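Here's the structure, in structure tokens; my notes come after.
Residues take their numbers from the sequence shown, with the count starting at 1. Just follow the structure's listing: the first ligand is 1, and inside any ligand the first atom is 1. None of the values given here were measured: they were computed from a predicted structure.
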Amino acid sequence: MKFGGTSVGDATCIRRSAEIVANASREHSLAVVVSAMSGVTNRLIDAAHQAKRGDRDAGKTLAEALHRQHFEALAMLVSNEKSRMQVQHRIEEILGEGSRLYEGTALLRELTPRTLDSISSLGERLCAPVVSAALCDMGVASSAVEATELIVTDSFHGGAEPQADATRQRSHARIGPILNAGQVPVVTGFIGATADGVLTTLGRGGSDYSATILGAALDAEEIIIWTDVEGVLTADPRLVSEARTIAEISYREAAELAYFGAKVLHPKTLRPVLPAGIPVWIRNSFAPEKLGTKITQHGRSIGGGVKALTAIRDVALISVGGPGIVGVPDVVGRTFSTTAQLRAEVLLISQSSSQNDICFIVAKAHAQATLEALHREFAQDLAHQVVEHITMDPNIAIVAVVGENMRGTPGVAGRTFHALGREGVNIIAIAQGSSETNISFVVSDQSVKPALLATHREFGLGKLTSN
Ligand code: ADP
Ligand code: ASP
Ligand code: MG
């Protein structure tokens with residue numbers, strides 16, 4: 001079971017989540033993964049950037065606030081004084097480490113990806129002992145475990161990749177005895193460590209990924225991701241108020257949604273469970289009586305083919321073009337080896353038929369670096385006007401229409417674009433992979449909401465029955 005930031009946001013939420021664990025632990029052997037209390041990771045990262053600019057107080061002020069926040073939650077959750085003092089001591093140790101990291105950053109005015117990982121991991125490290133102590137207080141034997149002892153990754157800070165075999169070995173060795181002793185381990189989400197023990201993170205929102213990495217490593221029967229909505233919805237409920245919970249969805253569909261920005265799942269969440277076919281549930285910790293969404297190998301088909309919509313906003317469109325690139329065979333190759341070198345993930349590619357313009361989309365965070373690297377790569381070509389322009393548009397978004405049964409269902413694209421046309425939404429670029437599990441298109445950022453509303457209505461997604 002994984003509990004996200006809002007599910008452990010304060011003492012009341014932690015108690016509610018702990019009750020879910022307590023109930024389940026009567027019938028099952030289970031391991032828990034927790035995120036940082038909500039908002040903590042953002043605050044840690046903001047303070048790190050302030051420290052980098054030479055601000056010596058930002059880290060100190062935050063450490064004091066986090067001290068207060070975690071002590072307060074602990075006081076409400078744990079009545080046993082001895083166990084409360086143990087956790088208080090642990091919180092102080094972790095914050096002491098944090099303060100030294102902030103001091104070093106402010107002193108050097110340098111923030112390496114490795115240091116940023118250590119700083120942003122503090123939230124999960126502070127939260128796990130509190131949740132574990134709350135469980136003990138309810139009579140559920142539990143111990144807190146740092147995922148640096150379990151999840152072995154490569155050294156790509158800020159988005160490390162797990163190594164399945166080593167992770168399996170360590171997880172069994174460390175978690176096996178805890179489970180055998182009838183205890184519930186509470187593991188920090190979001191983090192791992194390289195084989196030689198250097199802390200890494202799996203990327204923002206990565207606790208979902210931690211849960212499936214660990215679930216797969218421990219051969220779990222199922223994985224439940226507890227969050228603040230009743231499962232995977234037909235669209236982001238913040239943008240489309242008529243969005244409904246989908247009872248069952250396939251790995252493929254859920255992965256497409258996550259990839260194209262549905263924040264409810266980290267994009268890599270489903271990778272570890274594919275080989276063993278472990279079902280993943282998305283459920284609401286604020287309404288545990290609801291069943292939520294079940295993500296399985298095949299999902300369950302519904303009429304019409306379209307399952308859900310999503311949009312991804314923090315992205316930029318980059319185009320490389322000019323009539324001169326016609327017939328230059330390596331422009332595409334050089335463009336994408338440049339993005340690969342930067343590890344800038346390309347979310348969508350479109351090329352016009354006269355070959356004189358290639359456009360693609362990367363996360364906004366990678367856009368400037370990508371643009372600069374392309375200018376360097378094509379410096380000669382720009383000078384000789386083989387390539388005429390390399391431009392970037394940051395005011396765009398991708399909207400994706402997702403559903404495995406769209407494959408072979410004629411008319412989905414027609415209906416999508418007809419609905420958009422009716423609403424006056426201008427389409428900048430379009431892509432549909434041959435898998436036909438999604439149609440994605442690029443619109444201006446201010447058209448995202450009308451585009452979602454129009455397509456949601458067109459495919460009657462608000463009328464789906466939820467469970
Ligand atoms: P957690 O802290 O539990 O990991 P997140 O905030 O990361 O939770 O993800 C849950 C949020 O994802 C929801 O509150 C919702 O606003 C957003 N969301 C976006 N798209 C969807 C969708 N299709 N279905 C459900 N939630 C979505
Ligand atoms: N706390 C981390 C973040 O905010 C990981 C997570 O919540 O999944 O990105
Ligand atoms: Mg999340």
Side-chain angles (χ1 to χ4, degrees), residues 1-9 13 16-17 33-46 66 116-117 119-128 147 151 158-160 187-192 200-213 224-247 249 253-269 281-287 290 292-293 295 306-314 399-403 448-449 452 455-456 461-462 464 466:
M1 289 188 167
K2 174 255 174 177
F3 293 87
T6 41
S7 302
V8 291
C13 297
R16 198 182 295 116
S17 296
V33 169
V34 290
S35 293
M37 293 173 83
S38 82
V40 168
T41 313
N42 283 345
R43 285 154 71 201
L44 287 164
I45 293 173
D46 287 347
L66 293 177
L116 183 61
D117 268 359
I119 288 177
S120 42
S121 73
L122 296 168
E124 271 72 9
R125 296 180 60 207
L126 290 167
C127 186
I151 298 180
V187 180
T188 55
F190 185 45
I191 63 181
T200 54
T201 67
L202 306 170
R204 293 304 310 271
S207 297
D208 301 327
Y209 196 23
S210 308
T212 51
I213 293 169
I224 306 177
I225 294 181
W226 293 96
T227 181
D228 60 355
V229 281
E230 279 156 35
V232 178
L233 274 64
T234 50
D236 186 340
R238 289 168 298 189
L239 294 171
V240 181
S241 59
E242 302 134 47
R244 292 278 173 278
T245 302
I246 302 169
I249 189 170
E253 290 166 330
E256 293 278 2
L257 288 173
Y259 183 75
F260 285 111
K263 195 189 170 217
V264 65
L265 282 178
H266 182 275
K268 295 178 187 163
T269 307
W281 290 86
I282 312 295
R283 298 184 62 180
N284 189 347
S285 71
F286 297 82
K290 300 266 170 67
T293 299
I295 311 176
V306 174
K307 265 283 176 61
L309 312 172
T310 180
I312 182 161
R313 295 183 104 149
D314 285 326
V399 175
V401 175
V402 173
V448 169
K449 202 168 169 177
L452 287 172
T455 34
H456 202 263
L461 298 179
L464 287 177
S466 59

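By the criterion of a heavy-atom distance under 4.0 Å, the side chain of Pro237, and not its backbone, is placed next to ligand 1.
Looking only at heavy atoms of the protein, atom 1 (P) of ligand 1 is closest to Thr227 OG1, 3.6 Å. For atom 16 (O) of ligand 1, the nearest protein heavy atom (residue, atom name, distance) is Arg238 NE, 3.0 Å. With respect to atom 2 (O) of ligand 1, the closest heavy atom belonging to the protein is Gly5 N, 3.1 Å. Counting protein heavy atoms only, atom 11 (C) of ligand 1 is closest to Asp228 OD1, 4.0 Å. Looking from atom 24 (N) of ligand 1 to the surrounding protein, the closest heavy atom is Leu233 N, 2.8 Å. With hydrogens left out, the protein atom closest to atom 21 (C) of ligand 1 is Asp236 CA, 3.8 Å, a heavy atom. Of all protein heavy atoms, the one closest to atom 6 (O) of ligand 1 is Lys263 NZ, 2.9 Å.
Nearest to atom 12 (O) of ligand 1 by heavy atom, out of Val264, Asp208, Thr41, Thr6, is Val264.
In the vicinity of Val229, heavy-atom distances shorter than 4.0 Å reach the ligand 1 atoms 13 (C), 14 (O), 25 (C), 26 (N). For ligand 2, the atoms closer than 4.0 angstrom to any heavy atom of Ser35 are 6 (C), 7 (O), 8 (O). Atoms of ligand 1 found under 4.0 Å from any heavy atom of Val232, numbered from 1 in the order shown, are 24 (N). For ligand 1, the atoms sitting less than 4.0 Å from at least one non-hydrogen atom of Lys2 are 4 (O), numbered in the order shown with element in parentheses. Atoms of ligand 2 lying under 4.0 Å from any heavy atom of Thr41, numbered from 1 in the order shown and given with element: 1 (N), 2 (C), 3 (C), 4 (O). Ligand 2 places these atoms under 4.0 Å from at least one heavy atom of Glu124: 1 (N), 2 (C), 5 (C). The ligand atoms of ligand 2 that sit less than 4.0 angstrom from a heavy atom of Arg204 are 3 (C), 4 (O), 9 (O). Atoms of ligand 1 found under 4.0 Å from any heavy atom of Ala235, numbered from 1 in the order shown, are 22 (C), 23 (N). Close approach of ligand 1 to Gly231 (heavy-atom distance below 4.0 Å) involves ligand atoms 24 (N), 25 (C). For ligand 2, the atoms closer than 4.0 angstrom to any heavy atom of Phe190 are 2 (C), 5 (C).
For the pair Gly4 and ligand 2, no heavy-atom separation below 4.0 Å is found. Put simply, no part of Gly123 is less than 4.0 Å from ligand 2, judged by heavy atoms.
For the pair Ala147 and Val187, the tightest heavy-atom approach, listed with the atom from each and the gap, is CB-CG1, 3.8 Å.
Here the straight-line distance linking atom CD of Glu256 with atom NZ of Lys307 works out to 12.5 Å at 0.5 Å rounding. Of the inter-residue distances, the one linking Ile312 atom CD1 with Leu257 atom CG reads 11.5 Å to the nearest 0.5 angstrom.
For ligand 2, none of its N or O atoms has an N or O atom of Gly203 under 3.5 Å away.
In this structure, Lys2 and Thr269 have side chains that are not in contact, with every pair of non-hydrogen atoms separated by 4.5 Å or more.
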